[in-house]
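As structure tokens, the structure follows; a few thoughts come after it.
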Amino acid sequence: MSKEMAKTYDPKGIEEALYNKWVDKKYFHAEADRSKKPFTIVMPPPNITGQLHMGHALDNTMQDILIRFKRMEGYNALWQPGTDHASIATEVRIINTLKEQGITKEDLGREKFLEKCWEWRKEYGGRITSQLRKLGSSCDWDRERFTMDEGCNRAVNEVFVRLYEKGLIYKGHKMINWCPVCKTTISDAEVEYQNQASHLWHIKYPIIGTEDYLTFATTRPETMLGDTAVAVNPEDERYKHLIGKKVLLPIINREMPVVADDYVDMEFGTGVVKITPGHDPNDFEVGLRHDLEIVNILNDDGTINENGGKYAGMDRYAARDAIVGELDSMGLLVKIEDYSHDVGTHDRCHTTVEPLVKEQWFVKMDELIRPAVNGIKNKEIRLVPENMEKTYFNWTDNIRDWCISRQLWWGHRIPAYTCSKCGKLIVSRTKPDTCPDCGSTELSQDPDTLDTWFSSALWPFSTLGWPDQTEELEYFYPTDVLVTGYDIIFFWVIRMIFSGYEQMGREPFKTVLFHGLIRDEKGRKMSKSLGNGIDPLEVVEKYGADALRFMLVTGNSPGNDMRFSYDKVEAARNFANKIWNASRFILLNMDGKSVTRPESADLAPVDRWILSKTNRIISDVTDNMEKYELGVAAAKIYDFIWTELCDWYIEMVKPRLYNSDDAASQNAALWTLKKVLITSLKLLHPYMPFVTEEIYCTVKEDTADTEMDDSIMISAWPVFEKDYEFPADEKSLEIIKEAVKGVRNVRASMNVPPKKAAEATVVSDDEAVLESFKAGELYFKALINAPQVSYQKDKAGIPDDAVSVVTGSATVYIPLAELIDISEEIARLEKEEKRLEGELKRSNAMLGNEKFLSKAPESKIAEEKEKLASYEKMIGEVRERLKGLRK
RNA sequence: GGGGUCGUAGCUCAGCUGGGAGAGCGUCUGCUUGACGUGCAGGAGGUCUGCGGUUCGAGCCCGCACGGUCCCACCA
């Protein structure tokens, strides 16, 4: 070998060098090219605030596997990368760092604050993408985008204006979710419900003009400050007479009506509900129906405002305690019950959100969502796994308008302007110079920014140049597959789908491949607060990116969560080492020899067997990958390389490699080894890009093979070759393998020392079977440690006390009489007899069943009959052996 | 309240359109076999959660139950 291969594979150093080579050679880059078929994946843009975690590692590994596979298949494969400005996440982050310096964002002012944000993005925006490179991600970095770059901003403004002009974006006073800590609205999707232990306060309000009271229960007593009615069910006999009467709101001393509304559940609590239209979505609806006043009692920071009278300025929870105390002292607190219920919290900061009424911008959903529903129903877009459709429709069926305005500074500013003179609202792609109504130049832009998902919803086409009709857009859109976690189906997937249909008139991608969450070894979610997160980069450092990648996609199926485990990483690392060593072995043996394509007559049956097997694995793996069954494909490659190639073929071929006398046979073996190795490397490459590339290049260099490519990643994906299909050899080799396993088994169970050689006799009445054993004599002898093998059609001359290995097509006899205990051999054969009896019983029952014979498919019946014959033959042999031994 | 999903060998999980139960790890027994001990050979270990149904035939399809898990939902 010109290049010495180390005894164990060490990824350190190798990975980075190879990655740099790929980048330098522009292998990741894709250009629109009409002569080739495109295959496109847009990367879910990671947040610029982010650090690479296991979720990213899985997500990007899956994408890289698909893109490398398709690239090798000859597609013009584009993997479009980029990052997300992550409006609220980034803003919160920067506010916190400012806080350490004792500065608020208001101190800084909007402009200065945004400068800070861009600085942050400059400093950290590249961190996560450089981490992605360590995984081997083959995305087109020349095309890297950012959700807030100039092009994306134009796309955002364009969409906003279009939707506004169609009446699908509107400004309105509606009940929204307010985060008092982030001081912004958030969408319904951003509200996370948490079960919290709390209380149910039973309170009573005096009924005006009587001595009586109305008692009700509430979980938020402080909202009483905003009560404007009390409601009962119209059918409720207990309260019918009170409908239309008035109650007095204590503390505030507001007179309010008792209204009748179906919304009230007579069964729950006392059947009376206090109505706070300003702070409860249901009450808001009730308020609309009964024309009730909306009283807002909260400031933006969650303190009580001037409508709360003497409680003004007090924090919402302090006010709660104080109000309960005051009601108690007034004798209006009936009782306090323990009560646990779901409380809406902000998914970013976990602050309890307050529902309140504010004027905000909304996207009208009912019309937009229709094509997004149809696209899934008519399979224009396929969800993998399919059952995700139910989750999808669950959301689309209950869709509500999307609140898109945020009281944040870092994000896409809403392209709406107000004339300070006449109040005219202008929505425009660029800032207008004058008011179209009054001509004033005093126009102020809406201070709010857009929900961060508004820009990521456009990602599949904005990254390709939209709103310009670019060549890329024309060529690469719609993209082929989106790979993402099921946890952002509502935030992102659905919004991309309706945006794609609305703006492009077509689906943004043809398939969505969902993956699950990576949990820790105990099955817990990895989280910062638990501190149980495992840094993918540490794993890469220690075991190599290939090992991590392989581990992440093996042993699980689409959409299911999986556990991280170092044992599994180690197993993957060992696999990389295994193929490394197999390659080392092959190169060692090829050293100095010019290996040429053999005459077909020179191929041994065992060569034909592995070539035929290789063919089978090629079609299987390709098929699995087309169906996104990445884990299944990986397992098949693993098994093929480790078991068939290493454990069997290499071992079977060794005697020929060590025998230079038969040069033609040696050449055939080496040629086959190389061919199968290269094919295996190619199949494995999408999963383990680094080792496979390193080995491929070493083989090319060592064998000075000009037909090989400069890199495995641009080489052609293996295809089924009719010339190498040998079903007969596949079958005959399986018989020999079965015999080898049987002999080894017998030797082990009889405690025959491994070094003890013993002759063997193969007996079969099938001439062809004997022939195939003869053809494989060289390795058969080596594998069972027999100095001599003889062949015969019957058992003439076989001693009664020889050990026998009975297979369906042949029996192998080994004279081990001096070594074994006859009674043990009898026991072993009796066990075998019993097993066969069981099989016979099952098989006979099946074939004796008339319904099976009349209803089962022809092939199944034939197969079963074949089995039965084989069992009968085997049990006959076994019984005969037993008879001989018992003598 | 609605829905998803899982329940297969000691552990972690595969199992494609229903047709003789699999892998990795662990465990046990051997092995300095001229690629690899990150290895080689062999073994043990499962009434596929339970019950019922469809079927010639069910780990797989249907129903119910039990247990775990996740999502959605305005019950004060």
Side-chain angles (χ1 to χ4, degrees), chain A residues 5 7-9 175 193 200 216-220 223 231 263-265 267-276 280-285 341-342 344 355 385 387-388 390-391 393-395 398 486-487 489-490 516-517 521 523 525 543 547 554-557 559-563 565 567-568 570-589 620 623-624 627 629 631-632 635 638-639 646-647 650-651 654 657-658 741 744-749 751-755 782-783 785 838-839 842-843 846 849-857 859-860 863-864 867:
Chain A
M5 285 178 84
K7 199 172 165 185
T8 51
Y9 171 64
M175 182 68 61
Y193 287 89
L200 201 52
F216 58 87
T218 177
T219 52
R220 296 188 298 157
T223 60
Y263 154 68
V264 180
D265 180 356
E267 307 298 319
F268 188 89
T270 58
V272 182
V273 185
K274 69 192 260 311
I275 300 298
T276 322
D280 183 284
N282 293 313
D283 293 6
F284 180 74
E285 297 298 323
H341 62 137
D342 288 342
N387 59 39
M388 286 296 166
K390 294 203 176 174
T391 309
F393 291 132
N394 186 26
W395 179 267
N398 300 297
Y486 59 74
D487 50 332
I489 183 165
F490 309 127
L517 263 45
E521 297 194 66
K525 225 170 175 171
Y543 297 92
T554 323
N556 75 332
S557 51
N560 286 337
D561 291 355
M562 74 168 310
R563 291 185 198 212
S565 124
D567 284 348
K568 277 193 264 180
E570 236 172 78
R573 188 267 322 261
N574 294 351
F575 178 50
N577 188 57
K578 184 72 185 178
I579 189 160
W580 174 263
N581 269 291
S583 311
R584 192 163 78 103
F585 173 81
I586 293 168
L587 287 180
L588 276 167
N589 282 282
D620 282 5
D623 187 49
N624 287 130
K627 294 195 306 216
E629 294 162 353
V632 177
Y638 179 98
D639 182 62
C646 294
D647 292 344
I650 287 182
E651 292 305 323
K654 272 179 180 173
L657 296 180
Y658 301 150
K741 280 196 244 183
R744 283 169 167 175
N745 180 341
V746 165
R747 289 180 61 114
S749 65
N751 289 317
V752 179
K755 279 186 182 149
L783 295 181
N785 193 10
E839 297 288 4
R842 188 192 54 79
S843 199
M846 248 171 124
N849 184 335
E850 264 178 52
K851 284 183 176 170
F852 173 73
L853 294 174
S854 62
K855 291 190 177 175
S859 61
K860 202 72 221 168
E863 194 184 310
E864 201 52 43
K867 280 185 199 168

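Proteins get letters first, then strands, A, B, ... in listed order; numbering begins at 1 in each. Please read these numbers as outputs of a predicted model, since none were measured by experiment.
Evaluation of the side-chain contact (heavy atoms from CB on, under 4.5 Å) rule for A:F490 yields A:T391, A:W395, A:I494 as partners, not counting sequence neighbours. Scanning for side-chain contact (heavy atoms from CB on, under 4.5 Å) contacts around A:V272 gives A:L214, A:F216, A:V230, A:V232, A:Y239, A:T270, with sequence neighbours left out. With sequence neighbours excluded, the residues forming a side-chain contact (heavy atoms from CB on, under 4.5 Å) with A:Y658 are A:F585, A:N589, A:K654, listed by chain and number. For A:F575, the ring-ring contact (aromatic ring centres under 6.0 Å, His included) test picks out A:F550, A:Y638, with sequence neighbours left out. With sequence neighbours excluded, the residues forming a side-chain contact (heavy atoms from CB on, under 4.5 Å) with A:R573 are A:Y543, A:A547, A:E570, listed by chain and number. With sequence neighbours left out, the salt bridge (Lys or Arg N to Asp or Glu O under 4.0 Å) criterion links A:E629 to no other residue.
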Protein-nucleic acid N or O pairs under 3.5 Å, nucleotides 1-6 of chain B:
from, atom 1, to, atom 2, distance (Å)
B:G4, OP1, A:K390, NZ, 3.3
B:U5, OP1, A:N387, ND2, 3.1

Would you list the protein and nucleotides 43-46 of chain B atom pairs, both N or O, that sit under 3.5 Å from each other?
from, atom 1, to, atom 2, distance (Å)
B:G43, OP1, A:N745, ND2, 2.9

Using atom names, set out every protein N or O paired with an N or O of nucleotides 10-12 of chain B below 3.5 Å, distance rounded to 0.1 Å.
from, atom 1, to, atom 2, distance (Å)
B:U12, O3', A:R563, NE, 3.2
B:U12, O2', A:K568, NZ, 3.4

Dump the pairs, protein N or O against N or O of nucleotides 16-19 of chain B, anything under 3.5 Å, distances to one decimal.
from, atom 1, to, atom 2, distance (Å)
B:G19, O2', A:K860, NZ, 2.1

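Ion pairing of A:E521 with A:K568 is absent here, as no side-chain N (NZ or NE/NH1/NH2) approaches a carboxylate O to less than 4.0 Å.
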For RNA chain B, the expected dot-bracket line (Watson-Crick or G-U under 3.5 Å, [ ] crossing, | inter-strand) is (((((((..((((.....[..)))).(((((.......))))).....(((((..]....))))))))))))....
Per-nucleotide protein contact along nucleotides 31-41 of chain B, 5' to 3', at a 4.0 Å heavy-atom cut-off (B base, S sugar-phosphate only, - neither), is -S-BBB-BSSS
